[in-house]
Amino acid sequence: MIASPVKPLFVFVLTFSLLLVVIILSPSPHFLQIPPVPSGSSLGGSVIWSVKRTMEWRPCKWWLQGHLTPLPAKTNGYIRVDCYGGLNQMRRDLCDGVGIARLLNATLVLPKFEVAAYWNESSGFADVFDVDYFIQKMSGFINVVKELPKDIASKEPFRVDCSKRKGQFDYIESVLPSLLEHQYISFTPAMSQRRDRYPQYAKATLCQACYSALRLTSSLEKKATELFDAIPKPFLSLHLRFEPDMVAYSQCEYQNLSPSSVSAIEAARVDRKPWTGELAQIWRKRGKCPLTPNETALMLQSLNVPTNTNIYLAAGDGLMEMEGFTSVYTNVYTKSALLNREDFTRMHGNTKAALDYHVSINSDAYVATYFGNMDKIVAAMRTYKGMHNTLFLSRKAFAELTSQGIEGAELKNALWEVHKNDFAIGRGFALPDCFCEFEL
């Protein structure tokens, strides 16, 4: 009589055991995999992403509840934000401008992306971002219109120049009177603004515009998805900056560059002569000099990023000295190689930047050699999405250590310690304008 329940119990145990074996032996999703550490690692096998994090950045509560603050019944007028430069610079201007429009109790007109010959650009806001999605996501934060009322639609906006202001710029004091007088104005945000003085509803509007309301157009999203799918998984997205104009602008000098690189840098310098002597050393130790591809490879090795890692190069055209990187990391992929050549040659600068942005915010890991507009936005978006394998290589630490004559295994171990601490506390993961720190 006791034998009857044994069979069902045996079947259950057997089924559960087989299920457990399947789960254990099944490969993990690509975004959870950590590439194997190569044997012989000087740091005993710890890849940087395995370091325990002690701090985490998350969207601030006041931002996520920003739409709960009622909008005023009457607007003070209409504002158009004029954005200049490359895509990520224009996006920064847009984010700031939307926050300012809310601060001034204005209605936002769709922003204008200015054509910039330097960036080989002719894409407008609607060519890059989904307009309807933007308006929908900003609902409750600020009113956005595609078209102006008939009584002012025929007029050009009154241009308010914020660029030449000195010191901390006060928009209520300096811009609001023009808005009230002309009812339709345009401006480009000043670099010297103080966001910490904004009321929380204005800061929440800025954050919503920057990190939640901007989505690529369906055609761009499709192209970006094609590019993402073509990259072998898992992969690391690397934003490497070592173009002639970048190096020339930095006013840094480098030894042992190829003659073609030296010529390209000299042609881009114009009147920006490199620092020399003691000033050059001080400048380099402050972290002002871009990392060469060879230095970047060395730093990735110090972090135990395996040399067989799939790496997507999120970079513009004209990178120099790439042999120093690809001789170490051999699985390097670029959009020019992965996309249809005809498609690629037709693309403008904004389109290429948008593709790099999409790939980078969705990659398994993101590493930047600089801390520019793209890096700040990508890092913050990855934080917003809960993707924490993000790191900024420390140019300052590299310069300090190498200036002391430290090299080889000792240099790699010292670089590991610096970046281990940076990763643990999430240094650079997100800007405090929209994200708050939480201890883990």
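Below, each value reflects all heavy atoms present in this structure, side chains not excepted, and no hydrogens, waters or symmetry copies. Start at 1 with the first residue, then count along the sequence. Just so we're clear, the structure is a prediction, and the values are computed from it rather than from any experiment.
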In this structure, CD of E295 is separated from CG of L300 (nearest 0.5 Å) by 12.0 Å
Test log, rule side-chain contact (heavy atoms from CB on, under 4.5 Å), inputs V98 and L206: CA-CA 6 Å; V98 173; L206 180 154; 6.0 Å; no
Take M322 and L240 through the side-chain contact (heavy atoms from CB on, under 4.5 Å) test and state the conclusion after the steps. CA-CA 10 Å; M322 278 305 296; L240 181 57; 3.6 Å; yes
Strictly by disulfide bond (SG atoms under 2.5 Å apart), give each pair with a member in residues 323-433 just once, sequence neighbours left out. none
Determine whether the side chains of E321 and S258 contain a donor N or O and an acceptor N or O closer than 3.5 Å. yes
Verify, without hydrogens or angle tests, whether R80 (side chain) and Y184 (backbone) share a donor-acceptor contact under 3.5 angstrom. no
If every non-hydrogen atom of I79 is compared with every non-hydrogen atom of A101, which pair is closest and at what distance? CD1-CA, 4.0 Å
Where is the tightest heavy-atom contact between N294 and G324, given as atom of each residue plus distance? OD1-O, 3.6 Å
Residue pairs passing the side chain to side chain donor-acceptor pair (under 3.5 Å) test with at least one member in residues 271-289, sequence neighbours excluded, are Q251-R272
Contact between P199 and R102 at the side-chain level, heavy atoms closer than 4.5 Å - yes or no? no
Evaluate the side-chain proximity of Y370 to L291: yes if any heavy-atom separation is below 4.5 Å, no if none is. no
Can a donor-acceptor pair be found, under 3.5 Å and without considering hydrogens, that links the side chain of D364 to the backbone of L236? no
Can you list everything that forms a ring pair (Phe, Tyr, Trp, His ring centres under 6.0 Å) with F129? Sequence neighbours excluded, please. F125
So, do V144 and T107 sit near enough that their side-chain heavy atoms are less than 4.5 Å apart? no
Decide yes or no on side-chain hydrogen bond (donor to acceptor under 3.5 Å, both in side chains) for N362 and K385, but give the supporting numbers first. CA-CA 9 Å; N362 291 297; K385 289 159 62 74; 3.1 Å; yes
So, K335 and D356, do they make that salt bridge, N to O below 4.0 Å? yes
Report the residues that fulfil ring pair (Phe, Tyr, Trp, His ring centres under 6.0 Å) with Y78, sequence neighbours left out, ordered by chain and then residue number. none
Disulfide bond (SG atoms under 2.5 Å apart): which pairs involve residues 247-323, sequence neighbours left out? C252-C289
Does anything in residues 390-440 pair up under disulfide bond (SG atoms under 2.5 Å apart), and if so which pairs, sequence neighbours excluded? C60-C436, C207-C434
Say you draw a straight line from CD of E243 to OG of S261; how long is it, rounded to the nearest 0.5 Å? 12.0 Å
Distance in Å, M55 CE paired with R53 CZ, rounded so as to fall on 0.5 Å steps: 11.0 Å
Please say whether more than 12 non-hydrogen atoms of neighbouring residues, nucleotides or ligands are located less than 6.0 Å from CD in Q404. yes
Flag, side chain of D93 to backbone of P189, donor-acceptor distance under 3.5 Å: no
Expected output: side-chain D245 to main-chain A268 donor-acceptor under 3.5 Å: no
Is there side-chain contact between E114 and T188, with heavy atoms separated by less than 4.5 Å? no
To the closest 0.5 Å, what do you measure between CG (N143) and CD1 (I135)? 10.5 Å
Is it the case that over 12 heavy atoms from other parts of the model lie below 6.0 angstrom from the CG atom of N256? no
Salt bridge D161-R159, side-chain N to carboxylate O under 4.0 Å: no
Checking K352 against F344: charged group under 6.0 Å from the ring centre and within 45 degrees of the axis? yes
What distance separates M138 CE from T205 OG1, expressed to the nearest 0.5 Å? 5.5 Å
Could you name each residue pair satisfying salt bridge (Lys or Arg N to Asp or Glu O under 4.0 Å) that touches residues 413-431, not counting sequence neighbours? E417-K420, D422-R427
So, using ring pair (Phe, Tyr, Trp, His ring centres under 6.0 Å) as the criterion, who are the partners of H388 when residues are at least two apart? none
Centre of F228's six-membered ring, under 6.0 Å away, within 45 degrees of the axis: is that where NZ or CZ of K233 sits? yes
Closest contact, heavy atoms only, L303 versus L415: CD2-O, 4.3 Å
Closest non-hydrogen atoms of C162 and Y171, given as atom of the first, atom of the second and distance, are SG-CE2, 4.0 Å
What I want to find out is whether E342 reaches R346 closely enough, with some N-O distance under 4.0 Å, to be called a salt bridge. yes
Are the ring centres of F242 and F325 closer than 6.0 Å? no
When you look at D132 and K146, which way does the salt bridge (charged side-chain N to carboxylate O under 4.0 Å, His left out) test go after all the steps? CA-CA 9 Å; D132 291 330; K146 293 181 182 179; 2.7 Å; yes
Does T369 use its side chain to pair, donor to acceptor, with the backbone of R241 at less than 3.5 Å? yes
Write down the atom of R395, the atom of P290, and the distance for their closest heavy-atom approach. CD-CA, 4.1 Å
Q301 backbone acceptor or donor facing Y329 side chain under 3.5 Å: yes
When you measure from the side chain of D375 to the backbone N and O of G372, does any donor-acceptor pair fall under 3.5 Å? yes
Indicate the atoms forming the closest heavy-atom contact of F435 with P59, along with that distance. CD2-N, 3.6 Å
Inter- and intrachain pairs under disulfide bond (SG atoms under 2.5 Å apart), touching residues 321-365, at least two apart: none
Keeping S360 on the side-chain end and S237 on the backbone end, is there a donor-acceptor pair under 3.5 Å? no
Return the set of residues passing ring pair (Phe, Tyr, Trp, His ring centres under 6.0 Å) with F158 (not counting sequence neighbours), or none when no residue passes. H182
Given side chains that start at C-beta, do those of S302 and L411 come closer than 4.5 Å, heavy atoms only? no
Nearest-0.5 Å distance that lies between atom NZ in K203 and atom CG in D433: 7.5 Å
Looking at A399, is its backbone amide N or carbonyl O close enough to the side chain of S403 to form a donor-acceptor pair, meaning the two atoms are under 3.5 Å apart? yes
Are any non-hydrogen side-chain atoms of F141 and L108 less than 4.5 angstrom apart? no
Between N350 (side chain only) and L87 (backbone N and O only), is there a donor and an acceptor less than 3.5 Å apart? yes
Taking only residues two or more places apart in sequence or in another chain, which ones pass side-chain hydrogen bond (donor to acceptor under 3.5 Å, both in side chains) with R91? Y357
Please enumerate all residues that pass side chain to side chain contact (heavy atoms under 4.5 Å, CB included) together with Q65, with sequence neighbours excluded. K61, L68
Student check: side-chain heavy atoms of F398 and L393 closer than 4.5 Å: no
Can you find a pair of side-chain heavy atoms, one from S212 and one from Q208, that are under 4.5 Å apart? yes
